[in-house]
Student: 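Got a structure for you, written out below as structure tokens; questions coming shortly.
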Amino acid sequence: MNPLFPLTAATLVLLLGACADTSPGGKAVSARHERFEEMGAAMKAIGGELEKDNATSATVRQSADRLAALAPQVKGWFPAGSGPQDGKRTDAKAEIWTRQAEFGAAATRFEAAAVALKAAADAGDAAKIRAAVQTVGAACKACHQTFKED
Ligand code: HEC
């Protein structure tokens, strides 16, 4: 392989970063990426605590709080103009905008799961927390399977 390739790829990433899309749609893409990363980090933190048998820890409570706070916002992270059909660099599928009711239902299922997780975490009920985390994870996955590119 060309030994210069890694350097070239790194340069390309820098260049793409430098000409970030500052249109409203482009900003929506960047903003939702940050929020989704945050949700991923919260799920990872909870998973780590469950592995250590710390289901009722402050980390779990705080992460569950964050997920429950972000969940109702998800639908609003996909305004018109922020999809692949608008030329945006995104893993969001155009189906989000053509099958809005279905997308909304997936977001609502996730929201309900996140609220249940927060309730279990607030109650300090380890068994319920474990079950609720499974449901939340399934809701993330279900939406990704239909509405996100791999
Ligand atoms: C209702 C649909 C939906 C739900 C629910 C959902 N996601 Fe996503 N997620 C998406 C879509 C669509 C994208 C692609 C966004 C883009 O590239 O613009 C995405 C992207 C991501 C990304 C990648 C972000 C990046 O920087 O590229 C992560 C990480 C992620 N989601 C984690 C989660 C986690 C964890 C959950 C559950 C706690 C979750 N998502 C729930 C639809 C959803």
Side-chain angles (χ1 to χ4, degrees), residues 5-100 102-122 128-150:
F5 176 74
L7 191 68
T8 312
T11 309
L12 193 66
V13 166
L14 281 177
L15 285 172
L16 286 170
C19 45
D21 182 345
T22 55
S23 67
K27 282 185 186 167
V29 173
S30 311
R32 73 182 172 236
H33 281 175
E34 273 178 41
R35 295 289 90 80
F36 277 126
E37 292 293 345
E38 213 184 311
M39 296 203 321
M43 284 299 277
K44 204 173 163 194
I46 293 173
E49 292 294 277
L50 294 187
E51 263 175 37
K52 291 185 281 176
D53 254 341
N54 285 342
T56 59
S57 74
T59 299
V60 170
R61 271 199 310 282
Q62 284 156 10
S63 303
D65 275 357
R66 195 64 190 134
L67 286 171
L70 291 172
Q73 303 175 15
V74 171
K75 266 177 259 186
W77 295 345
F78 297 87
S82 69
Q85 68 279 15
D86 309 301
K88 300 305 171 197
R89 291 176 62 233
T90 170
D91 290 329
K93 285 193 183 168
E95 279 81 353
I96 290 173
W97 292 269
T98 56
R99 288 155 62 184
Q100 285 188 1
E102 215 181 311
F103 181 71
T108 301
R109 271 198 302 278
F110 166 58
E111 190 181 336
V115 167
L117 173 59
K118 177 177 158 44
D122 286 346
K128 275 193 186 155
I129 291 167
R130 285 185 182 279
V133 168
Q134 295 293 319
T135 312
V136 169
C140 309
K141 202 173 162 194
C143 186
H144 289 174
Q145 270 172 352
T146 314
F147 296 108
K148 179 180 176 292
E149 297 291 351
D150 293 332

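Just so it is clear, the values below take in all heavy atoms, side chains as well, and ignore hydrogens, waters and symmetry mates.
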Student: Mind checking whether Phe36 and Lys148 have side chains closer than 4.5 Å, heavy atoms only?
Tutor: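 Not touching, per the 4.5 Å side-chain cut-off.
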Student: Test side chain to side chain contact (heavy atoms under 4.5 Å, CB included) on Met43 and Leu67 and set out the steps.
Tutor: CA-CA 8 Å; Met43 284 299 277; Leu67 286 171; 3.7 Å; yes
Student: Looking at every non-hydrogen atom in both residues, tell me the closest pair between Ala94 and Pro84 and how far apart they are.
Tutor: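 Closest pair (atom of Ala94, atom of Pro84, distance): N-CG, 3.7 Å.
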Student: Between atom CZ of Arg66 and atom CD of Glu38, what is the distance when rounded to the nearest 0.5 Å?
Tutor: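 Atom-to-atom, Arg66:CZ and Glu38:CD are 4.0 Å apart.
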Student: Heavy atoms, side chains only, cut-off 4.5 Å: are Leu117 and Thr135 in contact?
Tutor: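 In short, these two side chains do not touch, never coming nearer than 4.5 Å.
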Student: Strictly by salt bridge (Lys or Arg N to Asp or Glu O under 4.0 Å), give each pair with a member in residues 73-86 just once, sequence neighbours left out.
Tutor: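 Non-adjacent pairs meeting salt bridge (Lys or Arg N to Asp or Glu O under 4.0 Å): zero.
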Student: Does a side-chain heavy-atom distance below 4.5 Å link Thr59 with Asn54?
Tutor: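 Result no, sub-4.5 Å side-chain heavy-atom pair not found.
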Student: Should the heavy atoms of other residues, nucleotides or ligands under 6.0 Å from NZ of Lys93 be counted, would the total exceed 12?
Tutor: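 Yes.
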Student: With a 4.5 Å cut-off on side-chain heavy atoms, are Val136 and Ile46 touching?
Tutor: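 No, side chains not in contact.
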Student: Kindly indicate whether the side chain of Val74, heavy atoms from C-beta on, has any atom under 4.5 Å from the side chain of Glu111.
Tutor: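 Not in contact.
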Student: Taking only Lys NZ, Arg NE, NH1 and NH2, and the carboxylate oxygens of Asp or Glu, determine whether Asp21 and Lys88 approach each other closer than 4.0 Å.
Tutor: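 Salt bridge flag = yes for Lys88 with Asp21.
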Student: Could Asp53 and Arg130 be called an ion pair, given the rule that one side-chain N must be under 4.0 Å from one carboxylate O?
Tutor: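 Looking at Arg130 together with Asp53, the answer is yes, because their closest N to O distance falls below 4.0 Å.
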Student: With side chains defined as the heavy atoms from C-beta onward, is the minimum distance between Phe78 and Thr90 less than 4.5 Å?
Tutor: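 They are not in side-chain contact.
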Student: Could you state the interatomic distance from OG1 (Thr22) to NZ (Lys27), rounded to the nearest 0.5 Å?
Tutor: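 If I round to the nearest 0.5 Å, the distance is 6.0 Å.
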Student: For a 4.5 angstrom cut-off between non-hydrogen side-chain atoms, does Ser82 reach Trp97?
Tutor: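 Side chain of Ser82 against side chain of Trp97, heavy atoms only: contact under 4.5 Å found.
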Student: If you round to the nearest 0.5 Å, how far is CZ of Arg32 from CD of Gln73?
Tutor: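 Separation between the atoms: 14.0 Å.
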Student: If the condition is ring pair (Phe, Tyr, Trp, His ring centres under 6.0 Å), which residues does Phe147 pass it with, not counting sequence neighbours?
Tutor: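 Phe147: ring pair (Phe, Tyr, Trp, His ring centres under 6.0 Å) contacts with Phe103.
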Student: Under 4.5 Å between any side-chain heavy atoms of Val29 and Arg89, yes or no?
Tutor: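 They are not in side-chain contact.
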Student: Roughly how far, to the nearest 0.5 Å, is OG1 of Thr146 from NZ of Lys141?
Tutor: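 Lys141 NZ to Thr146 OG1: 12.0 Å, rounded to 0.5 Å.
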Student: Determine whether more than 12 heavy atoms belonging to other residues, nucleotides or ligands lie under 6.0 Å from atom CD of Glu149.
Tutor: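 More than 12 within 6.0 Å, yes.
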Student: Do you know which two heavy atoms are closest between Ser63 and Ala42, and how far apart they sit?
Tutor: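 Heavy atoms of Ser63 and Ala42 come nearest at CB-O, 3.7 Å.
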Student: Sub-3.5 Å donor-acceptor pair from the side chain of Arg61 to the main-chain atoms of Thr56, do we have one?
Tutor: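 Judged by distance alone, yes, a pair lies under 3.5 Å.
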Student: Measure the spacing between CD of Glu37 and NZ of Lys44 and express it to the nearest 0.5 Å.
Tutor: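 Taking CD in Glu37 and NZ in Lys44, the distance rounds to 10.5 Å.
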Student: Evaluate side chain to side chain contact (heavy atoms under 4.5 Å, CB included) for Leu70 paired with Trp77, printing each intermediate quantity in order.
Tutor: CA-CA 10 Å; Leu70 291 172; Trp77 295 345; 4.1 Å; yes
Student: Does Thr98 form a side chain to side chain contact (heavy atoms under 4.5 Å, CB included) with Gln85? I'd like the steps, not just the answer.
Tutor: CA-CA 11 Å; Thr98 56; Gln85 68 279 15; over 6 Å; no
Student: Looking at Gly76 and Pro79, what are the two nearest heavy atoms and their distance?
Tutor: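 Looking at all heavy atoms of both residues, the shortest contact is O-CD, 3.9 Å.
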